[in-house]
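Being a predicted model, the structure only gives us computed values, none of them experimental.
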Amino acid sequence: MLFRSLEKLTRVAVTPVSRTSVWLLRVLLKARYGIVPEFYPLKAGTTEDAMLLIGDEAIWYRTQNPAPLWDLGAAWKEWTGLPFVYAVWALRGNVAGLPELLRNAKANGLAHLDEIVQDATEATASYRREYLTRCVSFGLGEPEKQGLRRFQQYLKELGLVETAHDLRYVS
């Protein structure tokens with residue numbers, strides 16, 4: 001997230017591509033700092049005083065602008081001591097064969113990481129390698145599960161969700 005001054009934050013333009021990231025921003029601002037700004041949709045191609053960017057948008061913006069950024073995942077880890085999980089495959093019920101398919105896809109992607117780094121076009125190859133090997137975790141261990149539970153707890157406490165789900169994991 002890009003912003004000029006946390007203390008003066010009253011409005012934040014947010015990307016529509018990740019509700020999880022928007023909720024994480026809301027949790028960090030309200031629960032940790034007591035700040036409840038207005039959130040509004042970020043218009044493509046615009047720059048605002050405070051904006052939430054993720055994925056390719058964030059990578060592109062970072063390569064073009066040296067302004068300081070607030071890494072929400074790092075802020076969560078600093079605050080809670082737990083990693084933040086931005087994405088998982090979530091299913092209702094059993095889907096035969098899908099766990100094995102997903103494990104194979106992960107193994108294949110990790111086996112071809114060098115090719116993925118070289119073929120992508122965002123930022124530089126060294127930035128992509130750093131991002132994919134140091135910033136992204138492809139596992140879901142006990143710390144990540146604890147982080148998910150803590151995030152659910154904050155979402156419920158802040159009234160962003162009505163109920164927390166009992167999560168079950170497929171290994």
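Side-chain contact between W76 and V27 is present, with at least one heavy-atom pair separated by less than 4.5 Å. Contact check for R26 versus L158: no side-chain heavy atoms found under the 4.5 Å cut-off. Contact check for F84 versus L72: no side-chain heavy atoms found under the 4.5 Å cut-off. For the pair S21/L52, a side-chain contact is recorded, criterion being any heavy-atom separation below 4.5 Å from C-beta on. At a threshold of 4.5 Å between non-hydrogen side-chain atoms, the residues Q152 and V161 do not count as touching. Y154 places none of its side-chain heavy atoms less than 4.5 Å from the side chain of L24.
The residues R149 and E144 are annotated as not salt-bridged, no charged nitrogen and carboxylate oxygen being separated by less than 4.0 angstrom. Contact check on D49 versus K8 returns no salt bridge, with no Lys/Arg side-chain nitrogen under 4.0 Å from an Asp/Glu carboxylate oxygen.
In this structure, V36 is not a member of the same hydrophobic cluster as L25, with clusters built from ILVMFWY side-chain heavy atoms closer than 4.5 Å. Cluster membership check: W70 shares its hydrophobic cluster with V22, using side-chain heavy-atom separations under 4.5 Å among Ile, Leu, Val, Met, Phe, Trp and Tyr.
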Requested in this report: Kindly determine whether K30 and E157 satisfy salt bridge (charged side-chain N to carboxylate O under 4.0 Å, His left out), including the steps that lead there.
Outcome: CA-CA 11 Å; K30 186 172 183 181; E157 288 173 8; over 6 Å; no
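Using modelled atom types, one finds no donor on one side chain facing an acceptor on the other under 3.5 Å when comparing T20 with S18.
Remark: aromatic rings of Y33 and W79 are distant, center separation not under 6.0 Å.
From K106, atom NZ reaches atom CG of N104 across 11.5 Å, with rounding to the nearest 0.5 Å. We find the CD-CG distance between E48 and L53 to be 10.5 Å, quoted to the nearest 0.5 Å.
Seen from the ring of Y40, R11 counts as a face-on cation partner, given the 6.0 Å and 45° thresholds. The cationic group of K145 lies under 6.0 Å from the six-membered ring centre of Y169 and within 45° of the ring axis, placing it in a cation-pi geometry.
Residues forming a side-chain hydrogen bond (donor to acceptor under 3.5 Å, both in side chains) with R134 (at least two apart in sequence, or on another chain): E130. When the side-chain contact (heavy atoms from CB on, under 4.5 Å) test is applied to W89, the partners found at least two apart in sequence or on another chain are L102.
Aromatic ring orientation, Y127 versus Y131: parallel (interplanar angle below 30°, classes split at 30° and 60°).
At least one donor-acceptor pair under 3.5 Å links the side chain of N65 to the backbone N or O of Y61.
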